[in-house]
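Given the structure is predicted, the values throughout are model-derived calculations rather than measurements. Each chain gets a letter, A, B and so on, in the order the sequences are listed, and its residues count up from 1.
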Protein chains: 2
Amino acid sequence: MDGIGDVFLADCPARLAVEVIADKWAVVVLWGLSEGPRRHGELVALIGGISKKVLTQTLRRLQTNGLVTRTEYGGVPPRVDYDLTPLGKTLMEPIRLLTTWAADNGEAVLAAQESA
Amino acid sequence: MDGIGDVFLADCPARLAVEVIADKWAVVVLWGLSEGPRRHGELVALIGGISKKVLTQTLRRLQTNGLVTRTEYGGVPPRVDYDLTPLGKTLMEPIRLLTTWAADNGEAVLAAQESA
DNA sequence: CGGTATCCTTTTAGATACTG
DNA sequence: CAGTATCTAAAAGGATACCG
């Protein structure tokens with residue numbers, strides 16, 4: 001994927017939005033964190049269908065973008081919590097609108113797909 | 001990518017939202033159509049950085065999802081207009097919120113990336 | 001438990017050239 | 001003008017096994 005500092009980004013905020021949310025799991029993972037901190041294993045179970053590896057990758061990317069924190073509590077077995085940053089929380093409202101849209105219009109999209 | 005009818009979709013609207021918008025260009029192209037119908041070539045120029053091939057692919061996908069119409073006017077040279085469907089227009093409000101978020105918080109994301 | 005490492009397949013994107 | 005065809009490279013995703 002192109003870097004975030006690329007030439008077109010400055011011209012269009014849509015570019016940055018895409019950069020942040022346009023992968024298969026980012027929105028779903030953020031969604032999974034919307035009600036409070038979660039452990040790695042919790043997220044795997046909560047989300048369903050995501051592998052540990054991909055979840056870790058996705059979380060790392062969200063961390064890099066400043067949307068998620070990773071808190072390591074020592075001990076054996078290890079415990080790691082992920083949580084939204086304040087910045088991450090500001091993204092939840094747009095995401096909520098998006099998922100509301102999906103809930104309301106999913107049927108219509110499905111119907112369009114089937115008739116195509 | 002997994003089909004939209006997959007097992008997890010029914011459980012979580014976020015899944016459908018992702019299915020629709022989680023590719024590099026979908027949101028940008030929808031954004032490009034937000035002010036009215038556009039021709040293929042117009043979109044290439046307006047968006048910048050997208051190839052004809054990828055634009056066509058993206059538009060086809062949006063069509064399949066019932067978000068965009070393709071209208072062919074006969075003649076030589078050919079003319080084809082793309083426009084949002086009513087369903088597509090309902091997606092613009094969530095997208096607008098998302099791009100507003102990006103405009104407001106882009107700096108913060110950039111800063112997080114650089115310190116990482 | 002929360003990862004990595006490895007390997008593999010699929011998907012996406014981009015460049016270029018060609019066509020009706 | 002609006003594509004399609006071909007080829008290539010890069011990224012994402014997934015399965016499995018192993019590690020501290």
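A donor-acceptor pair is defined here as one N or O able to donate and one able to accept, closer than 3.5 Å; such a pair exists between the side chain of D23(B) and the backbone of W25(B).
For the pair R39(A) and dG2(C), the criterion of a side-chain N or O lying under 4.0 Å from OP1 or OP2 is met. Contact annotation: R70(A) side-chain N/O to dG2(C) OP1/OP2 distance is not under 4.0 Å. R60(B) has a side-chain polar atom (N or O) that falls below the 4.0 Å cut-off from OP1 or OP2 of dT4(D). In this structure, K24(A) reaches the dG14(D) phosphate: one of its side-chain N or O atoms is under 4.0 Å from OP1 or OP2.
Comparing S51(A) and P78(A) along DNA chain D, the residue whose closest nucleotide (by nearest heavy atom) sits nearer the 5' end is S51(A). Residues L59(B) and K53(A) each lie close to DNA chain D; by heavy-atom proximity, the contact nearer the 5' end of the strand is made by L59(B).
Applying the salt bridge (charged side-chain N to carboxylate O under 4.0 Å, His left out) test to pairs two or more places apart or on separate chains, those with a residue in residues 40-53 of chain B are R38(B)-E42(B). The salt bridge (charged side-chain N to carboxylate O under 4.0 Å, His left out) analysis of residues 64-81 of chain B, with sequence neighbours excluded, yields the pairs R70(B)-E72(B), R79(B)-D81(B).
In the helix from dC1(C)-dG20(D) to dG20(C)-dC1(D), the rotation axis of the first five pairs and that of the last five pairs differ in direction by 50°, rounded to 10 degrees.
To the nearest angstrom, C1' of dA15(D) lies 13 Å from CD of Q57(A). When the C1' atom of dT12(C) is taken as reference, atom CZ of R61(B) falls 8 Å away, rounded to whole Å. Spacing between atom CG of L62(B) and atom P of dT12(C) amounts to 13 Å, rounded to whole angstrom units. Nucleotide dT10(C) holds its C1' atom 16 Å from the CG atom of D23(A), rounded to whole Å. Across the protein-nucleic acid pair, I47(A) atom CD1 and dG2(C) atom P stand 13 Å apart, rounded to whole Å. Between W25(A) atom CH2 and dA12(D) atom C1' the separation is 12 Å, expressed in whole Å. Atoms CG (L55(A)) and P (dG13(D)) sit 12 Å apart, rounded to a whole Å. dA2(D) atom P lies 8 Å from atom CZ of R79(B), rounded to whole Å.
Taking the side chain of T56(B) as heavy atoms from C-beta on, and the options dA5(C), dT4(D), dG14(C), the nearest nucleotide is dT4(D). The side chain of H40(B) has dG3(D) as its nearest neighbour among dA5(C), dA13(C), dG3(D). For K52(B), taking side-chain heavy atoms from C-beta onward, the closest of the listed nucleotides dC7(D), dG3(C), dA2(D) is dA2(D).
For T90(B), the side chain to side chain contact (heavy atoms under 4.5 Å, CB included) partners two or more places apart in sequence, or in a different chain, are W101(A), N105(A), L87(B). With sequence neighbours excluded, the residues forming a side chain to side chain contact (heavy atoms under 4.5 Å, CB included) with T64(B) are Q113(A), A116(A), listed by chain and number.
Rounding to the nearest 0.5 angstrom, the gap separating the OG atom in S34(B) from the CZ atom in R96(B) is 6.0 Å.
With side-chain heavy atoms closer than 4.5 Å counting as contact, directly or through intermediates, the hydrophobic cluster containing L97(A) also holds L97(B).
Backbone-only engagement by Y82(A) is indicated by non-hydrogen atom pairs under 4.0 Å involving sugar-phosphate atoms exclusively.
Minimum heavy-atom separation, P94(B) to L98(A): CB-CD1, 3.6 Å.
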